[in-house]
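Reviewing the structure listed below.
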Amino acid sequence: MKRLLFQGFFDRPVLEVAEGLLGKVLVHRRGKTLLHCIITEVEAYDGPEDKASHAHRGRTKRNAPMFGPAGHWYVYLVYGMHWMLNIITGPVGYPAAVLIRGVGEWNGPGKLTRALNIDQSFDAQRAVKETGLWIEDRGIVVPKSAIRHTKRIGVDYAGVVWAKKPYRFHILA
DNA sequence: TAAGTGATCTCT
DNA sequence: GAGATCACTTAA
């Protein structure tokens with residue numbers, strides 16, 4: 001039982017998508033081998049008001065994918081060495097995305113992208129099989145009781161209101 | 001706890 | 001063009 005997540009899944013409020021992604025499976029094709037990783041930790045970045053979001057000061061060349069259609073990747077380099085993997089949500093023109101922070105055995109967004117060899121070549125690409133990186137529903141059900149909401153990581157600069165939003169979701173170990 | 005690292009953005 | 005910033009990791 002497996003089903004590719006299509007654009008309709010992502011074209012919803014970002015908080016719904018973020019929570020819904022827990023337990024889904026990130027699939028990466030490298031040559032002929034497929035890597036499957038269960039998504040265990042995510043963060044939501046919601047719209048132009050969100051001071052922790054790259055989009056809060058308007059559209060730039062870097063964050064342009066956030067303003068595009070849902071179901072596309074947004075990949076960028078931070079701290080000069082780590083690629084961050086995000087999936088765009090919501091309607092065109094509304095900048096929102098979910099940062100994939102942890103999958104299965106790799107915790108930490110930088111380790112995840114390094115392990116999967118994810119870089120800017122995926123930026124603004126669609127999350128479908130043709131691009132080599134997509135997300136599937138394999139019927140894994142995560143009980144509500146196993147999901148925790150906490151504040152986001154590494155965004156203290158955004159001021160207390162936005163830095164403390166419970167926009168991080170993770171599955172208990 | 002602090003350094004490493006470099007693209008991007010905001011001023012000149 | 002220069003300077004500051006940054007959705008992190010690792011080694012102490």
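Applying the side chain to side chain contact (heavy atoms under 4.5 Å, CB included) rule to A:K51 yields the partners A:H56, A:A158, A:W162; only residues at least two apart in sequence or on another chain are considered. Legend: residues meeting side chain to side chain contact (heavy atoms under 4.5 Å, CB included) with A:K32, ordered by chain and number and at least two apart, are absent. Listed by chain and residue number, A:E19 satisfy the side-chain hydrogen bond (donor to acceptor under 3.5 Å, both in side chains) test with A:K144 (two or more places apart in sequence, or in another chain).
Contacts between chain A and DNA chain B, taken as any atom within less than 4.0 angstrom of a protein heavy atom, begin and end at B:dG4 to B:dC9.
A:L21 has its side chain within reach of A:L5: a pair of non-hydrogen atoms, C-beta onward, lies under 4.5 Å apart.
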Quick one, A:M66 with A:T60, criterion side chain to side chain contact (heavy atoms under 4.5 Å, CB included). Give me CA distance, side-chain angles, the key distance, then yes/no. CA-CA 10 Å; A:M66 293 188 74; A:T60 66; over 6 Å; no

Verdict with reasoning, A:L112 to A:C37, per side chain to side chain contact (heavy atoms under 4.5 Å, CB included): CA-CA 10 Å; A:L112 151 63; A:C37 324; 5.6 Å; no

Pairs under 3.5 angstrom only: tabulate donor-acceptor contacts from the side chains of residues 83-96 of chain A to other protein residues two or more places apart or in another chain.
residue : atom : partner : partner atom : Å
A:N86   : ND2  : A:Y74   : O            : 3.1
A:Y94   : OH   : A:D46   : OD1          : 2.7

Indicate every side-chain donor-acceptor pair of residues 100-109 of chain A with a distance under 3.5 Å to a residue at least two apart or in another chain.
residue : atom : partner : partner atom : Å
A:R101  : NE   : A:E41   : OE2          : 3.0
A:R101  : NH1  : A:E43   : OE2          : 3.4

Could you list the donor-acceptor pairs under 3.5 angstrom formed between side-chain atoms of residues 6-14 of chain A and any protein atom two or more places apart in sequence or on another chain?
residue : atom : partner : partner atom : Å
A:R12   : NE   : A:F9    : O            : 2.9
A:R12   : NH1  : A:E16   : OE1          : 3.3
A:R12   : NH2  : A:F9    : O            : 3.4

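Only at 4.0 angstrom or more do the heavy atoms of residues 9-19 of chain A sit from any atom of DNA chain C, so none qualifies.
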What does the B/S/- profile of nucleotides 5-12 of chain C look like, 5' to 3', with a 4.0 Å heavy-atom cutoff to protein? -BBBSS--

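For the strand DNA chain B, secondary-structure stems (runs of at least three Watson-Crick or G-U pairs, all distances below 3.5 Å) span B:1-4 with C:8-11, B:6-11 with C:1-6.
Judged as a ring pair (Phe, Tyr, Trp, His ring centres under 6.0 Å), the pairs with a partner in residues 128-154 of chain A (not counting sequence neighbours) are, in order, A:H149-A:F169. Residue pairs meeting the side chain to side chain donor-acceptor pair (under 3.5 Å) criterion with at least one member in residues 117-127 of chain A, sequence neighbours excluded: A:D119-A:S121.
The two residues A:V42 and A:I39 make their nearest non-hydrogen contact at CG1-CG2, 3.6 Å.
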